[in-house]
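It should be emphasised that the depicted structure is a prediction, and the values quoted were computed from it without experimental measurement.
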Amino acid sequence: MLPCILYPIATFFLIKELRKAEVQRQKLSSTSSSSNSNNSKNPTNLVLALTLTFFIAELPLGILLLLNPNVFVSAFYEPGPFTLITAFENFFSFLLSATTATHMIICLFMSSQYRTAAISVIRFDYPIKNHHFVHMKLLVHQQNSDKIIENVFIEPQIVIIPLEESLSSRRFQIMKRRKFFLIIIIILFIFMFYNAYKILNSSIDYEFTESDSENSNEEELDFGQPPLKPGLLIDPTRRLTRILPVSHVFINSAYFYPTSKSLGSNAIALAMVVDSINFNVENATYNVVGTNGTHTKLSTASSQTEGVPTCRYTPVMATTTTIENLTKLEMESNGVKVETMITKCFRFGGHLHIYLTSIIESFFELMKEYERQGYLTLDYWLRMKFENTRTPYFEPNENIEWRNQAGAQTDCLLQYKEAAEYIAFFDMDDILFPKNYPTYFEEFNAEWALQPEATSVFYGRREHEFIKGSLDQLNFRDLVSSLRSSPTVKRGKVVVKPERYNSTWIHYSNNEDERTRRSIDNPTLIHVQRPLQKRGNNNITNVWKMDFGPLNETIRISDINEIENDIERIRNSRTVQAIAGKLPTSDFYLPIVFKCYYDAFYDDAFDHRRAKHGCPNADTCVLPQREEFKCVHSHAKYYSSPHMEPFTLHFTNDSFWSWDIGCYQ
């Protein structure tokens, strides 16, 4: 902004001085022709032209950059003014480049001295055939005096005279020196450009898998880039633009449905993560081979994607139908096949389904007890790993949105697709208290009765803080009385009819028609994302700055009493009493994890500070390991297919809980 303001002011004073000089020139040169008078105006016009092009391009861009961080912030990918302002910012950045490129053209057209200098440089000061340029100085004679005054505010005039004699040897020496100097400058620029290019590409690091070390020196792939070797590719500046020869695919799960209300009979559903930059994976197809012992059938699975464009890897759900009584499922590409594990889905009761990657051991033991009593199911959510590769790839866990949460929700949808009437995709810290009916089932039935064609019901989320206590002192009535509500309702979560949903993003499906999504204003999800310690510093509130007031949700007393009685029953069991003594009594990981999430994404939402984060992910955050609190981690045996094009497949088998990996995101 400051240069845009100072530049026109400086231009005003410069033009003022130029006009003063022009007046003095007119007084001293009474013989000036009208053409010379017009030429004298060229400097003023030149300065005005350069100033206007700079001002038009720079001022709007400066205003946009000044206002953007504080005014036009849009958290959680919400469309709005930020999208429009970003478009204007890109337009004026292009305009600035265009006007900068025209400065030389303007100078060539409007300044004879600039043209002369340019021609002289191009020709190494060698004169035009049969003519050469002579710069004449105006000599002004005083009356009754032989004295000569030179350079009295008079622009040098140029005349062309015939070249009658050969150039002197001194002149040739000057021309040679200038030519040599120009050649040195050109070589220097080429050398600097080469070294910059070399340094840029040498900053790209590679890690190789042991299994491919024997091939690492044999295969080089050329796609307009330096030769790439197999293994992990580290190139953060081009993670969203660099084209690789093969897209690596991690298969999270595969399901077979003998009958399905939405997918048909003998249906296959694949939940995958795919590198979406190398090829257009939107609506891509995948070959599936089904076998039942006597017959084989090749099918083409169509797909749909979920996720955000700022991440290289995207969740994909592919589906097709295959042979009945399926016993073996293979993926095929260009004649190469690889067998993948399948899960058969029949009708069973639904309940709370929790995906775990890493968890403190004592919490894991407590959840296993809840699982034993039928409250929930713990499921493995594995980190993605490419066991064997012959081609380079970007690290998938760092380049997928929020640890592939959309993939976990899609996996849950596919697991319960034929078992549940409704599936709610809520986070662990999202709580919905039915407002009008005693059960979720009745509440959801009532909402769908109002809009029978709805594919989902969308509940907003309101931030809440509360005071937490240890398990042996936990009183649910006290916890509810400590709840305080934020006035802001954020983007929420959906409850879906599974026969009308085949995949989902974190908040809803990007493939859903918005007109069939029923939005609920009240009640909202109670998002208990900010727990406060009863005895602790609660320094997290210094970063997590939000306004809270009285509880703004309705919770029936009968529900509170019933939940309190159930907690008391669980707490009195001997198994839980033994676990309670091992549970952490103060926050350790929460402030670390929140700071990590804040730096990775949430500063937009909480501080209205626009930052360019790219893919929202906290996978690179480091969690300190503690001897007194071990973690349980999901793990499995990892496999990779033979080299396949355009997609090379990776998958797991025999998942298990590991106590040897440590605590990680």
Any donor-acceptor pair under 3.5 Å from [X] side chain to [Y] backbone:
| X | Y | answer |
| --- | --- | --- |
| Q304 | M317 | no |
| S276 | R312 | yes |
| T296 | T291 | no |
| Y589 | P624 | yes |
| Y255 | A271 | no |
| S634 | W381 | yes |
| S302 | N283 | no |

Taking the six-membered ring for Trp, are the ring centroids of [X] and [Y] within less than 6.0 Å of each other?
| X | Y | value |
| --- | --- | --- |
| F425 | W505 | no |
| H635 | F656 | yes |
| F386 | Y393 | yes |

[X] versus [Y], closest heavy-atom pair with distance:
| X | Y | result |
| --- | --- | --- |
| G662 | S358 | O-OG, 3.5 Å |
| I268 | T319 | O-OG1, 2.9 Å |
| S303 | V316 | CB-CG1, 3.7 Å |
| R239 | C615 | NH2-N, 3.1 Å |
| A454 | R500 | O-NH1, 2.5 Å |
| N617 | N399 | ND2-N, 4.3 Å |

Trace of the ring-ring contact (aromatic ring centres under 6.0 Å, His included) decision for F647 with Y286: CA-CA 9 Å; F647 302 107; Y286 304 84; 5.2 Å; yes
Quick one: [atom1] on [X] to [atom2] on [Y], what's the gap to the nearest 0.5 Å?
| X | Y | atom1 | atom2 | answer |
| --- | --- | --- | --- | --- |
| F364 | L378 | CZ | CG | 6.0 Å |
| M384 | Y638 | CE | OH | 9.5 Å |
| I342 | L329 | CD1 | CG | 5.5 Å |
| H650 | N388 | NE2 | CG | 8.5 Å |
| I359 | M367 | CD1 | CE | 5.0 Å |
| I400 | F394 | CD1 | CZ | 14.5 Å |

Residue pair [X] / [Y], side-chain donor-acceptor N/O under 3.5 Å:
| X | Y | result |
| --- | --- | --- |
| T377 | H353 | no |
| T504 | E306 | no |
| Q415 | D379 | yes |
| S640 | H248 | no |
| D411 | Y355 | yes |
| T305 | E282 | yes |
| S456 | E512 | yes |

K368/E365 ion pair, N-O < 4.0 Å: no
[X] vs [Y] side-chain heavy atoms within contact, under 4.5 Å:
| X | Y | value |
| --- | --- | --- |
| W659 | V632 | yes |
| K582 | E361 | no |
| P616 | T310 | yes |
| L413 | P498 | yes |
| I277 | R242 | no |
| D513 | T455 | no |
| T648 | R390 | no |
| S262 | N502 | yes |

M331/V288 under side-chain contact (heavy atoms from CB on, under 4.5 Å): CA gap, chis, key distance, verdict: CA-CA 5 Å; M331 303 285 287; V288 176; 4.0 Å; yes
Steps toward side-chain contact (heavy atoms from CB on, under 4.5 Å) verdict (I360, C631): CA-CA 4 Å; I360 291 177; C631 282; 4.0 Å; yes
Check against side-chain hydrogen bond (donor to acceptor under 3.5 Å, both in side chains), E324 and N292: CA-CA 7 Å; E324 63 182 5; N292 64 4; 5.7 Å; no
side-chain contact (heavy atoms from CB on, under 4.5 Å) between H507 and R461, intermediate numbers included: CA-CA 11 Å; H507 297 281; R461 288 197 299 175; 3.8 Å; yes
Qualifying residue, where the test is side-chain contact (heavy atoms from CB on, under 4.5 Å) with V246 and the options are N278, D275, T391: T391
Heavy atoms of other groups near E514 CD, more than 12 under 6.0 Å: no
Results of side-chain hydrogen bond (donor to acceptor under 3.5 Å, both in side chains) for S519 - residues two or more places apart only: none
Sole candidate of Y440, Y416, W448, Y501 that passes ring-ring contact (aromatic ring centres under 6.0 Å, His included) when paired with Y422: W448
Listed partners of F651 passing ring pair (Phe, Tyr, Trp, His ring centres under 6.0 Å), at least two apart: Y639
Six-ring centre of Y508, R517 cation under 6.0 angstrom, axis tolerance 45°: yes
Criterion side-chain contact (heavy atoms from CB on, under 4.5 Å) on N511 and S503, from CA distance to verdict: CA-CA 8 Å; N511 296 279; S503 65; 3.9 Å; yes
